[in-house]
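Because the structure is predicted, anything quoted here is derived from the model rather than measured.
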Amino acid sequence: MKPSPLVSIDAPIQPATPTATLDRFAIDSHKLIYHPHRVAQWLDARDDWDAARSVYPIYVEMSPVGACNHRCRFCAVDYIGYQAKRLDLEQITPRLQEMGNLGVKSIMFAGEGEPLLHKQLPEMIEVCADSGIDTAITSNATVVSDKFLDRALPHVSWFKASVNAGSAETYADIHQTRADDFHKTLDNLQRLVAHRDRHGHRCTLGAQSLLLPENRHEMVKLARLCRDHIGLDYLVVKPYSQHLFSNTHTYEGIIYEDMNQLASELAAENRDGFSVVFRSNTMRKLGEQQEQRYPRCGATPFFWAYVMADGSVYGCSAYLTDRRFNYGNLNQRSFEDIWQGEERKANFSYVQKQLNIRDCRTNCRMDDINRYLHALATDSVAHVNFI
């Protein structure tokens, strides 16, 4: 498919002010600064594989199931094909326990499918809790079982629903589903809030929306639905980023300019206990050239990993199905063996010496982390001893 022509969202949020940039969860930045020991391991390792092999990821994204009940117009992983594959609870349980023992701190269940379609996801989350691993969910929230509420929600750190419109009609068009799913999602989010509050769980509940030409005019309405109708803690409004391998190119040329007015309108919806996180920092960075940021990726293959629904372990979610980033399969090998194995060693060398980050996904999940690592590893900031 040929790329679409440039699509401009020229809607007139305020230049950065404390109110407009309220982001108490640091969603529009990074949190690697809270893991100095692991960063020190990375600094010591650098180009030395013998030292790097035992630097385990802090964070893992895991896809419990490949199937999805929506076909969103913007889906980054549509090229994988929504395959009916799923992680087996019996096989993944010892791997999760092993991850916890090896220093994995968190797992976000999301992936190439809708995670809540896996009926044993609550049991996986219980295993993570018992193994000292924090868990989170990114979901379309159309399927929330009572079992999930009773067994999973008590252990989940945060749950974020993908709600890309403020009306049923626009939602159905963008998510490529029935309009009734919009109301089902709102109802399920209300159930999550009610259950959390009733039982005193600490789970943070939020929603997120890509900012698209079709939904820009509904963002304030969506914020009010999230705040007043549902009772969520936050709404994230973020830019679209083209995935390397996606079949869809509908929004490839989208331009985010003159966002001050929308940012101001959304900032006005902030209240005690509710905030709109408008990702202006991420939007601003879209216009930068990759080489202006850092010369190579420092995060891969160190600080994160991705587990597909078939059990394959990848070093970067932007390169799913690319054999160069596939380290092995959890159905066949232990996580320790995979992480210290020859495939990751080869990827370590490839990322260090050959990967051209100009070919990487713009504003990838590790972008701010890479900026931080680059600053630590170089003399890009002068007078660092004057703290």
Looking at R344 and R53, would you say the former's side chain and the latter's main chain have a donor-acceptor pair under 3.5 Å? yes
Okay, side chain of D78, backbone of T248: is any donor-acceptor separation there less than 3.5 Å? yes
ring-ring contact (aromatic ring centres under 6.0 Å, His included) with H243: of Y319, Y79, Y251, F74, only one passes, and it is Y79
Is K238 salt-bridged to D28, cutoff N-O under 4.0 Å? no
Does Y82 have R71 sitting over its ring (NZ/CZ under 6.0 Å from centre, angle to axis within 45°)? yes
Which donor-acceptor pairs under 3.5 Å do side chains of residues 194-209 form with protein atoms, sequence neighbours excluded?
| residue | atom | partner | partner atom | Å |
| --- | --- | --- | --- | --- |
| H195 | NE2 | L149 | O | 3.1 |
| R196 | NH1 | C203 | O | 3.0 |
| R196 | NH1 | D233 | OD2 | 2.7 |

Does any N or O in the side chain of N188 come within less than 3.5 Å of the main-chain N or O of T142, such that one atom is a donor and the other an acceptor? yes
Do NZ/NE/NH1/NH2 and the carboxylate oxygens of D134 and K31 come within less than 4.0 Å? no
Exam field: side chain Y327 to backbone P301, donor-acceptor pair closer than 3.5 Å: no
So which heavy atom on T138 is nearest to which on P115, and how close? O-CG, 3.3 Å
Please name the pair of heavy atoms, one in K119 and one in E123, separated by the smallest distance, quoted to 0.1 Å. O-OE1, 4.0 Å
Between R279 and D368, is a salt bridge (charged side-chain N to carboxylate O under 4.0 Å, His left out) present by the stated rule, with each step listed? CA-CA 13 Å; R279 298 193 62 174; D368 275 327; 5.6 Å; no
State which residue, out of V163, D187, T170, fulfils the side chain to side chain contact (heavy atoms under 4.5 Å, CB included) condition with F182. V163
Over all atoms of both residues, closest heavy-atom pair of R38 and Q41: CD-OE1, 2.9 Å
I'd like to know if the side chain of R73 reaches the main chain of T250, judged simply by a donor and an acceptor atom lying under 3.5 Å from each other, with no hydrogens or angles considered. no
Hey, is the main chain of L330 close enough, under 3.5 Å, to the side chain of R95 for a donor-acceptor pair? yes
Going by chain and number, the hydrophobic cluster around L117 (ILVMFWY, side chain to side chain under 4.5 Å) further includes V65, V143
With distance as the sole test, does R191 use its side chain to make a donor-acceptor pair with the main-chain N or O of V144 at under 3.5 Å? yes
Look at the aromatic rings of F25 and Y234 and report parallel, tilted or perpendicular, splitting at 30° and 60°. tilted
Evaluate the ring planes of F302 and W42, with Trp represented by its six-membered ring, and classify them as parallel (under 30°), tilted (30 to 60°) or perpendicular (over 60°). perpendicular
I'd like to know if the side chain of S63 and the backbone of G66 have a donor-acceptor N/O pair within less than 3.5 Å. no
Charged N-O contact under 4.0 Å between D322 and R324: yes
Taking F325's backbone N and O only, do any of them form a donor-acceptor pair with Y350's side chain (distance below 3.5 Å, no angle check)? no
